[in-house]
There are 2 protein chains.
Amino acid sequence: MTETARSTSTDVARRAGVSRATVSYVLNGRSDQSIPEPTRRRVLDAANELGYVPHAASRALRAGRSRLVLLIDADVPWSTNITDAEDALTAVVAATGRSLVVWRRHGPGDLAATLANLEPCVAITLQPLDVADVSLLAGLHIPLVTADLGTPGADSATRVQLEHLAGHGHRRLGYLTTSEPSLQQFAGPRTAGFLAAAAGHGLAAPVVVALQGASAPDVRDVASVLSDWTSRPDPVTAVACFNDLHAAACLAAAASLGLTVPDDLAVIGLDDDDFAPFTSPALTTVRLQPQGLAHHLWALATHLLDEGPEPDPFAPPGRLVERASVHRPPTAPTERKP
Amino acid sequence: MTETARSTSTDVARRAGVSRATVSYVLNGRSDQSIPEPTRRRVLDAANELGYVPHAASRALRAGRSRLVLLIDADVPWSTNITDAEDALTAVVAATGRSLVVWRRHGPGDLAATLANLEPCVAITLQPLDVADVSLLAGLHIPLVTADLGTPGADSATRVQLEHLAGHGHRRLGYLTTSEPSLQQFAGPRTAGFLAAAAGHGLAAPVVVALQGASAPDVRDVASVLSDWTSRPDPVTAVACFNDLHAAACLAAAASLGLTVPDDLAVIGLDDDDFAPFTSPALTTVRLQPQGLAHHLWALATHLLDEGPEPDPFAPPGRLVERASVHRPPTAPTERKP
DNA sequence: GCTCCTTACTTACACGTGACACTAACAAGC
DNA sequence: GCTTGTTAGTGTCACGTGTAAGTAAGGAGC
């Protein structure tokens, strides 16, 4: 196999015996141009035989917009839900002929450099950017789609947490969350949603504690919180957590205090991470369904791009995954997945 | 603020009172062109005032190569090590003025579509692609860098696992891995590395079992394996696992069988995932150091691109993270991180 | 005064695509 | 036979950049 050059639309035109314009009309399937079937076929065959693929950069230059969609990920710890959301978004975007690529920001100054290399694209972010970044995008005329998860009621998953605990008779609740700045975008609405749901069920306001720690809290810190909560006059009997990692820390802390889960203390997580079946006891948690979020985000994007209709506000629904950390299951705490 | 158009090098030239070529020479810092300081300064000031950023698509068209590096990720479950490797690679690539973007493949046919949208770029993959994909890249003249982790001795992390177990007196070992096809690229070398290290230490060949399961194995399957291993005439006293998720399943299975870890059975993982401190007992594991891998990959890339020197083969080193699943720590099994 | 060399630029092309405007050939209408 | 309309195309420009080739001005050499 010799060193062959990339074939261009000029090569296709020459091989099909037509002009380059005709090639463009055929391959872009324009209906306002009359192209007889034999010619159309000649062009298509030539393109196939040459393995012609339009040059992305050239096309982006001409169109003023590339077919890339940049997902700007914050530098936060991963969870199943984030990768699920990414996968769903990848599929949705691919269905429109575009491609989603993910960029994890590394420092504050990197965004400008990255955009300079991607430029005529579309950007999506799962958490709000600060003012400087937004004006950066505006200066380059890059449309930005933001998942506004901060709207009231946006986090219905915490309602699922609360309803499960309340349904099992727990009246005095604790909420364990994080004080990590980069996670506040998620932590804020979740805490608010949990408190609102508790109020809606006529429960006393849950006690909330936010612990530091870049990805996970320290077990000793959690133990001291639990020790405090369970030794009150009206002891906390159930703890809902910001995510599964916090819940796992909570289980470890309970064990170190000699508390039995779920009898002395119920614990519920959020995310359904891969390790959730393997904690002791196996973690009851709530799984988000990010496929809907992906469709919502892309609807927002098309609204910005092609003037599609503005989509309704959207709250990703949560699905309860019942294991053994809120109440004892009828059988052994091991599980068999489908 | 009015709707202003993107500024181009023509705008900069007009504002500085020079031709577009001069602008290009100044901004690209060409040393073979003589540009007096006052002119240089006028151009730089004009570019700053207009917020000029070169158009990425146009530049890629002209240069025949974009400044994007595409990391092709397989559709495998995440671990701390993969995201660490991505982050390190992002930093290394950014230091060269290029940008790394990540694409998670979703189906077999998607690669062609994605490349058509990115085209004049560079591709990096952490696991080998099949023949069709490689020829696809070749047809589009996209350089491909592959991390060849399958070379002998490439997985030194398993040697760390073995040495820790052997150092604590374990002579009869089990190795628990996965039969999942998409993970074989990692599983194969790891198993081979563990067996080789065991032979090197004069131990009997470890018993190996590969379980199915897309991300994690089923606890009952693991329990039946452990039950078998521990009831032999020469019972297995320590188990090394493919990753931390398998190790967590192993701990849960041991608990369900009434085995005490580490007294009845030692368990060691690989990855140091975020949840590892929270298992019961806290998981002893091995953390890979992917920063070195990132540098190695980029050295391979520059070798392909600019004819830099070919780098030496590289094996990412593993670092032992000692917790409580191989031997009892002197104090309580909770831990405080720095 | 003429050539030769350097300095400080400018003009013009190429990269590959998409699309508007134009045209040659031919049939229909009267 | 002339206009009008349709069919099946083609010629050419624009997108924004990087750079090779060209050129006008000014001084040195004789």
Side-chain angles (χ1 to χ4, degrees), chain A residues 5-44 46-47 50-67 97 115-121 140-142, chain B residues 5-43 46-47 50-67 97 115-121 140-141:
Chain A
R6 277 192 80 258
S7 47
T8 71
S9 70
T10 308
D11 300 328
V12 177
R14 188 167 23 235
R15 182 173 253 252
V18 295
S19 77
R20 220 175 45 68
T22 305
V23 172
S24 172
Y25 290 142
V26 169
L27 294 183
N28 294 329
R30 286 190 43 152
S31 55
D32 59 335
Q33 298 281 333
S34 62
I35 312 230
E37 187 58 25
T39 309
R40 214 179 73 85
R41 177 55 45 100
R42 268 208 331 280
V43 170
L44 291 175
L50 292 174
Y52 169 67
V53 176
H55 194 86
S58 167
R59 191 186 265 223
L61 173 60
R62 165 70 221 210
R65 182 115 291 154
S66 83
R67 292 167 179 273
L115 292 176
N117 290 334
L118 270 159
E119 214 178 329
C121 67
L140 295 172
H141 294 89
I142 296 181
Chain B
R6 275 191 84 259
S7 47
T8 71
S9 69
T10 308
D11 301 326
V12 177
R14 189 166 22 236
R15 181 173 254 253
V18 295
S19 76
R20 219 175 45 67
T22 304
V23 171
S24 173
Y25 290 143
V26 169
L27 295 182
N28 293 329
R30 285 187 47 150
S31 56
D32 59 336
Q33 298 282 333
S34 63
I35 312 231
E37 187 58 25
T39 310
R40 215 179 72 86
R41 177 54 45 100
R42 271 211 324 282
V43 169
L50 293 173
Y52 170 67
V53 176
H55 195 87
S58 166
R59 191 184 265 223
L61 173 61
R62 165 71 220 214
R65 181 115 292 154
S66 82
R67 292 167 179 271
L115 292 176
N117 291 333
L118 270 160
E119 214 179 330
C121 66
L140 295 172
H141 294 90

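Here the structure is a predicted model, which means the values were calculated and not measured. First the proteins, then the strands, lettered A, B, ... as listed; each starts at 1.
Side-chain nitrogen and oxygen atoms of R62(B) include none within less than 4.0 Å of the OP1 or OP2 phosphate oxygen of dA14(C). The side chain of R59(A) places an N or O atom within less than 4.0 Å of a non-bridging phosphate oxygen (OP1 or OP2) of dG18(C). S34(B) has a side-chain polar atom (N or O) that falls below the 4.0 Å cut-off from OP1 or OP2 of dA8(C). The phosphate of dT10(C) has OP1 or OP2 within less than 4.0 Å of a side-chain N or O from T22(B).
In this entry the distance linking CD of Q33(B) with P of dT6(C) reads 15 Å, nearest Å. The distance from atom CZ of R14(A) to atom P of dG16(C) is 12 Å, rounded to the nearest whole Å. What separates CG of L61(B) from P of dG18(C) is a distance of 12 Å, to the nearest Å. Here the C1' atom of nucleotide dA21(C) and the CZ atom of R30(A) are 12 Å apart, to the nearest Å.
In the 5' to 3' direction, nucleotides of DNA chain D lying under 4.0 Å from heavy atoms of chain A begin and end at dT7(D) to dG16(D).
Remark: side-chain polar atoms of R42(A) are paired, donor with acceptor, to backbone N or O of A16(A) under 3.5 angstrom. In this structure a side-chain-to-backbone donor-acceptor pair under 3.5 Å is missing from D11(B) to A46(B). In this structure a side-chain-to-backbone donor-acceptor pair under 3.5 Å is missing from R30(A) to Y25(A).
Residue R20(B) has its side chain nearest to dA12(C) when only dC20(C), dA12(C), dG16(C) are considered. Listed nucleotides: dA8(C), dC20(C), dT17(C). Nearest to the side chain of Y25(A): dC20(C).
S9(B) comes within contact range of the sugar-phosphate backbone alone, with a heavy-atom separation under 4.0 Å but no base atom that close. If you check every strand for non-hydrogen atoms under 4.0 Å, T8(A) touches sugar and phosphate atoms only.
From one end of the helix from dG1(C)-dC30(D) to dC30(C)-dG1(D) to the other, with five pairs defining each end axis, the axis direction shifts by 70° (rounded to 10°).
Rounded to the nearest 0.5 Å, atoms OG (S58(A)) and CZ (R62(B)) are 14.0 Å apart. In this structure, the separation between CZ on R6(B) and CD1 on I142(A) is 8.5 Å, given to the nearest 0.5 Å.
Every residue was checked against the salt bridge (Lys or Arg N to Asp or Glu O under 4.0 Å) condition with R59(B), not counting sequence neighbours, and none meets it.
When all heavy atoms are compared, the tightest approach of A57(B) to P120(A) is CB-CG, 3.9 Å.
Within the 4.5 Å cutoff, no side-chain heavy atoms of R15(B) are placed close to those of V12(B). Between H55(B) and L61(A), some side-chain heavy-atom pair lies under the 4.5 Å cut-off.
For S58(B) and D32(B), each mapped to the nucleotide of DNA chain D holding its nearest heavy atom, the one lying further toward the 5' end belongs to S58(B).
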